[in-house]
Every structure is written in C-alpha cells, then in structure tokens.
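Shown next, in structure tokens, is the structure this report addresses.
Chain letters run A, B, ... following the sequence lines, proteins first, then strands; residues in each count from 1.
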4 protein chains.
Amino acid sequence: MVQISNRRSTLVEPSRTRRKADARRRAILKAAASAFRKHGIAATGMREIAEAADLSPANLYYYFESKDELLYFCQDWSLDRMLEAARAVRRGGERPPEQLRQVIRAQLHCMLDELEGSAAHLEVDALSRTLRERIVAKRDRYESAVRRIVEDGIRSRDFARTDATLVTRAILGALNWTARWYRPEGEKTWAAVAATFSDYLVRGLIR
Amino acid sequence: MVQISNRRSTLVEPSRTRRKADARRRAILKAAASAFRKHGIAATGMREIAEAADLSPANLYYYFESKDELLYFCQDWSLDRMLEAARAVRRGGERPPEQLRQVIRAQLHCMLDELEGSAAHLEVDALSRTLRERIVAKRDRYESAVRRIVEDGIRSRDFARTDATLVTRAILGALNWTARWYRPEGEKTWAAVAATFSDYLVRGLIR
Amino acid sequence: MVQISNRRSTLVEPSRTRRKADARRRAILKAAASAFRKHGIAATGMREIAEAADLSPANLYYYFESKDELLYFCQDWSLDRMLEAARAVRRGGERPPEQLRQVIRAQLHCMLDELEGSAAHLEVDALSRTLRERIVAKRDRYESAVRRIVEDGIRSRDFARTDATLVTRAILGALNWTARWYRPEGEKTWAAVAATFSDYLVRGLIR
Amino acid sequence: MVQISNRRSTLVEPSRTRRKADARRRAILKAAASAFRKHGIAATGMREIAEAADLSPANLYYYFESKDELLYFCQDWSLDRMLEAARAVRRGGERPPEQLRQVIRAQLHCMLDELEGSAAHLEVDALSRTLRERIVAKRDRYESAVRRIVEDGIRSRDFARTDATLVTRAILGALNWTARWYRPEGEKTWAAVAATFSDYLVRGLIR
DNA sequence: TATGAATGAGATTTCATTCAT
DNA sequence: TATGAATGAAATCTCATTCAT
C-alpha cells in the first residue's frame, strides 16, 4: 500500500499519538457509515459526517486530509477485512462448496454487522482518479479470490461447468446489494441473511 | 397519483406536441444514461447531461422541469418497462422456473440493452422525498411481482422451500449490480449475461 | 501558448460570443487590478474582485475557471504587451541608450497607465505551479529582451562595462516597484515618472 | 509609540527572561524569513512558519501573540537596522556619493545577508491597519533619510538636478526588488550585488 | 425551441487561533 | 515551555436553476 499523505499514513510505525488518532479515525468511520446509509455516500456531506461523529467540520480535517481520504480509508479498510477473510477461508482447505459458503458468510458479516450496513466499499465513483484506481485494484483482487473458488469447484467437479466470471459477479452483486436494503434494526439478522444467501448461491453451482 | 407540474407531466393524455416532446425526452434519457455510467448518477451534473444530449443546459429545462423530474422520468420509465415485462411473463402461463428465467432475461434486456447499462433506475437516493417514495413504491411492486413467482414455485414444489423474500433480493441484487460492471462495448453480450444468470439463479431454487 | 481550458481559450478563433466574453474578461481585469491595488493581490478574494467588477461571485466563474486562471490571464496579458513593446523598440533600430529609454517608458506606460498601477504581473507567488512556470518563463523572456539591450550597449561602447544581468535586474526592480507606490490619482503623471526614470536609469550606464 | 500587548512588547525594558525570549524570537524570525521566501509572505501560514522554526503551531503563540505581531516584529526589526545604518552613514560625514554608496550597501547587507533574502519588511499589505500604519511611518522615515542624501548631493552639486523623490524611489525599488530574485545559495554573493548596484545607482546621479 | 449570462445556496477546505493539559 | 485537539470564520468553487432575449 502506498502512502497517501506525509502526516498520517498507516505505514509509519504507530507512536502513542498515532494509535490514539487511528482509533479515533476508526470511530469516525463507523459514524460516517451510518450517515452514508441515510442518503447514499455521494449525497453525504462532510458536515453530516462531522455531525454524526460529533465533531466540528473543521476538526474532521484534523483526522482526514480530505473527503477523498476519508472515503478511501473507509473502502480500503473493509476491503482489507474481506480479503483477509477470503485468505483465511482458502487456508482452511475445505472443499470449494464449503469455502464459497464461508466467504459469503464472511462478506456479509463484514458488511452488515461490522460496518452496520454501510455500502461505502462499493461506491467507487465518489473517489478521485488515483484513489479510485487503487481501490478498484483491490476490489479486483477480491473478486479474483472469489472467482478462484468457483473455478476450483468446477475443476474438482463439485460445481457444474459455467462461466465462472459471470457467476462470480452474480454472487458479488447479490452480496453487495444487501447494503442497499439491509437495516440493522430490521427484523432479519445478518446471520439469517447469510444462511439463506450462502445456501441459495452455492446450490446454483452444485452439479 | 399526483401531477408533478402543470406544464409537463407524463400523466396528462398526450397531444401531438406532447408526443413529439416525449420522443425527445426519451432521447435525452438515453444520452443521460451514458453520462451516468461515467461518474455515477449522483456525481453527474445537469451540464454534463445537457452536453451528452447535445443541448445547452438552459434548453434542457425546456424538456425537464428539474433534475429531479429527469431522474424520476428515467427511473419511472424503466420500472414501467420491467413491470410490463413481468406482467407479460405471468400472463404467459409457463411454470415458475421458466417464468423466472424469462423475467431475469427481460430485466437484463431492459437494463443492459435498452438503456445501455445505465443504473439510473436504482439510484433512489438522488431523488427528492416525494418522488423517491413514488419510485420506491413502484420498485416494491416489481419486487413483489418477482417474489410471487418464487413463492408460486415453492408452492408448486418446483422450487425448494426457502425464504422467498431474501432469495428474491439476492436475485435482484445480482441483476441490478450488472449496471455497475457491464459495458456495452465490452466482450460479453447482454444475451450471454442473461443466459448464464438465468441459468444460475434459477438452478439455486430447483429442488 | 498552451490551452488552459476547453471552454475558454485564447486559441480557438473568436466567434461572436467569444469576442464579447473576451471584452468582458478584459473589463473584469481592470476592475480586478484596482482591487489588487488595495490589499495586494494575495489578500484579494474572489468576492472582492467580483464586487469590483460588479458581478456576483458565482458569475465571475462564468468568465474565469478559477482564481488561478484570472491571475494568469492578468499577468499573461500585461507581459504580452510588454514583450510586444520591447520587440517594437528593437525593430526601431535606434542606438542602445535610446532603445533602453523607450523600453522603460513602454513598461511604465503599460503598468501605470493601462493597468492603472496594478502589480498583478509581478505576483508570481499567487499562481499554481504549472501556471507560475509559464509566467516565469515569459517574464524571463522579457528580462532577456531588456538585458540584450544592455549587452548591446556595452558591446557598442555606448555603455560602460558592467554586470549586465545585475544592472538589468536593478532596472526592472525600479520599474516593477512603481506598482507599489504609484497612485493614478496622485500628483505625478505616469509620463513624469517615465521621464525621470528613463533618464536616471540610462545615465548610470553611459560611459 | 503605543504598546502592542501587555505581556509581550519590544518596548518594555528587557528583563533576563525577556532577553532570552527575544533571542528565541529573533531565531524564529530567521526561520520564518526562509519560509516566506518560498511562497511569498501572504501565502505562508503559521503552520509553515512553526515548522520552519521547528515548533508546534501552538507553541509559536507562546512567542508571538498573533501572525500580525510576528510580521510586525519582522518588518520593524529590519527597518530599525536599516535606519540605524542610515544614521551611522550620515554621522560618517562623507560626501553624498559615498554616503549613498554606503547606504545601498548597508540595505543589501541587511536584506540579503542578515535576513537571507526575506522580503518581509516590504509586504506591508499583510499587516493589520494599526500595525501597517506604524510600519509605513517608519518606512517613510527611511525613505526620507535616503532622499535627504540625494537632495544633499544635488545641493552640493555632486549630483545632477533631478526629481529627488522619484530617483529615491527608483533606488529603493531596485534594492527592495532584490528580495524577489536573490537566492543565498545562488552564484552571486550579496557583496557582488552590492558592488554593482551601488556603482550603477550612484553613477546615474553624478553630474 | 434555443441560449448566454446570471445567481443563491451550499459544498469542501483552509487558517489563525485557543484550550486543556 | 510545550502540544494534541478543537473551532469559527472565511475562502474558493460548484451546481441547479432562472431570466432576458
């Protein structure tokens, strides 16, 4: 990962203050996520984010150099979590169907539980060119990771022959779209969604 | 349903001029759709839309009273098409699996072919409260139509027992998400996408 | 000269509207110049410039894409005039002392009379990197033009031997600095300044 | 002359701590000067000054009550030095041409050597009304001191008859402008500049 | 139908400055 | 003396929209 700014990068080893500030940044993120859910990420202003995080707008800039950096941090962080989950699943060594089930569950856990339904990691459009490219690259890595499970399954004859790329996108679409309708305070728990989704989306591949 | 404006509403019966203007409106829509695809709907300004449609910004306001109305028209129009397709499918009287296949194909046709990949009909956030509610209501009607096919299938024992609501949302998520990655000039035709998707998404339901 | 923006560049041949807008731009410039004189260029906000030009701040952006472009246009324009004057002088074919006298007069005419004492063309600091480089390059061309007269004079033995670079800078310093103290409504006319300056600054070089 | 603040003025007689703090203030000044040289004084923020002086922004306020006071201190200090030099020269009792040569050299020494090329003492615009007036008054005293030498020279027939006010401003313009182009790390020493300038600028007056 | 010019409201961001420690 | 965190005010700029023609 490349450095974004001199002042505040995840690369330099964390001093006492850095750690404190980073914890604060994470907290701001959560607040931001809930603001995003209300009007969509593009329509959410820095004022609203600041308010959600209980800061003055100016103070928000103490923690993030720009709206761009805030959004980037948001999306980067959740993609990291998802990638890590995908890697863990693959290391687990289960058969492809089970792996796929686990990845689906993991992504929904991250999206619906940890970030409480924020779609932040999907709204690539709101980012500036440079940062967008970086996020898109990471997102592609994640897509590849999922696609590889599908391909493995086809090769191992657990899954029927099909266009792995398209099916992977169908799966990710179903998952990503949850951010649009899922409400943490609603009646379905994230676990219920995960159960039904992993079931349904894997079934469609089984021979 | 209430009229939006005196001068210009899709609800008053069409005079000659109306029809002509409406054709123009449709054309502007297509142009707008391609602009939306570039930066996402929320980040696309009236100026860009005007430019894409080869009009001056001021002139755009001759055809649409506001950005809101334009967006509304856009989303309303494609939802209408999709609803109509769903009704036609149901009238066809096929068994649920085939009905579902047809609906999936129809929606992708509408989204990827007719509107050339514009996601306009999904971005409810960009609309003002009143119009949003109307679109959401229509969208819900469409979701219900699809869900009813799933429920029919479960009842008729073509489909396995499952949470019809969640599965319907998985399906619609997969379909809607295509707007995010599909490029008309890319290598996959919309028909190829439709074939793989309808196959995969129906398979997951079959007993 | 390279294009700054698509919308509004001096490169495209002038249509009717272009010409009108460009006249307006020139007028705004004059207004801006008088605003600059009050607090210095860096401390003059777009609001103040707009007010001086009797426009709303937003409307100012119809004519100039940014403060940067306005400043650039300002400085570029007066440098162009000065360069042209310098070229004309050299074409005149007089002896170096007379050439120098004429260039001094011309620059003061441009600065004190045409722009009414605005120092805009000197405040390179306020520009963004790219535009600054362009202006600095042009300014250097002007400095070279003046220096060449000094060098010619030394070679032709009209002027005493000396460090031509430093003397040129002394001359330009004296001239540029006038923007700091000259007031059009004051008692000295620009012509009086020009007479004394060209006399004094040329005398110092004569053998 | 009025006090600026109770806590911290250059006018109260120096206690031990005062002296120490003043040394520190002088050191900060030097650092600030080098920061000013980069973007011009108006574009240099307190953060940059603090950084240049290796202090935290907050700590900078321990030494200077405000940006205004810092700027004032800066300009006041160098004007004091220049005024003192001018007085010393006059006390020297040399003939006007030599006096003028010495004053020119002294000002360049102060500007280019002691303050390393900072233009701080010229940027009157950046000051608040009250402080500006004070500095302007002092600057006028300096201008008068120089002008008196010119006038003396005219009276003593060392210099040709001319508009002493304008010539003085030409001289000061040439000198002040050096701050704009002189780089301490460049190839010309301040002494070389002083030699050529004093030579050239005095020659122009000699009968 | 068409458009150049204009604008109010609001968005992001900066900056001098302060406060608690 | 020193500083991390905080802030109000203002600056630049954008944008949907309107008006006169």
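- Nearer to the 5' terminus of DNA chain F, by closest-nucleotide assignment, is the contact made by Glu48(C) (compared with the other of Pro57(B) and Glu48(C)).
- Using a 4.0 Å cut-off, some side-chain N or O of Asn59(C) falls inside it from OP1 or OP2 of dT7(E).
- Both distances falling under 3.5 Å, in either a Watson-Crick or a G-U wobble arrangement, place dC13(F) opposite dG10(E).
- Protein atom OH of Tyr61(D) is 14 Å distant from nucleotide atom C1' of dC19(E), rounded to whole Å.
- Nucleotide dA11(F) holds its P atom 10 Å from the NE2 atom of His39(C), rounded to whole Å.
- Glu51(D) places its CD atom 17 Å from the P atom of dA2(F), with the value rounded to the nearest Å.
- Distance OH (Tyr62(C)) to P (dC13(F)): 19 Å, rounded to an integer number of Å.
- Protein atom CZ of Arg47(D) is 9 Å distant from nucleotide atom C1' of dT14(E), rounded to whole Å.
- The nearest whole Å value for the distance from the OH atom in Tyr63(A) to the C1' atom in dG4(F) is 8 Å.
- Where Leu60(C) and Ala58(B) meet DNA chain E, the nucleotide closest to each residue was compared, and Ala58(B) sits on the side nearer the 5' end.
- Distance alone, capped at 3.5 Å, is enough to place a donor-acceptor pair between the Glu48(B) side chain and the Gly45(B) backbone.
- Rounded to an integer number of Å, the gap from Glu65(C) CD to dT12(F) C1' is 14 Å.
- Ranked by how close their nearest DNA chain E nucleotide is to the 5' end, Thr44(D) and Met46(A) are led by Met46(A).
- Annotation: side chain of Ile28(C) is in contact with side chain of Phe64(C) (closest heavy-atom distance under 4.5 Å).
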Apply salt bridge (charged side-chain N to carboxylate O under 4.0 Å, His left out) to residues Arg129(A) and Glu133(A) and explain how you reach the verdict. CA-CA 6 Å; Arg129(A) 210 156 143 12; Glu133(A) 277 162 11; 2.2 Å; yes

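- For dT21(F), the paired nucleotide is dA2(E), the pair qualifying as Watson-Crick or G-U wobble because both relevant distances are below 3.5 Å.
- Sequence order on DNA chain F of the closest nucleotides to Asp54(D) and Gly45(C) puts Asp54(D) first from the 5' end.
- For the pair Lys67(A) NZ and dC13(F) P, the interatomic distance rounds to 18 Å; values are reported in whole Å.
- Counting heavy atoms from C-beta on, the side chains of Leu70(A) and Tyr63(A) never come closer than 4.5 Å.
- Residues Arg132(C) and Glu123(C) are not paired through a salt bridge, judged by the lack of any N-O separation under 4.0 Å between the basic side chain and the carboxylate.
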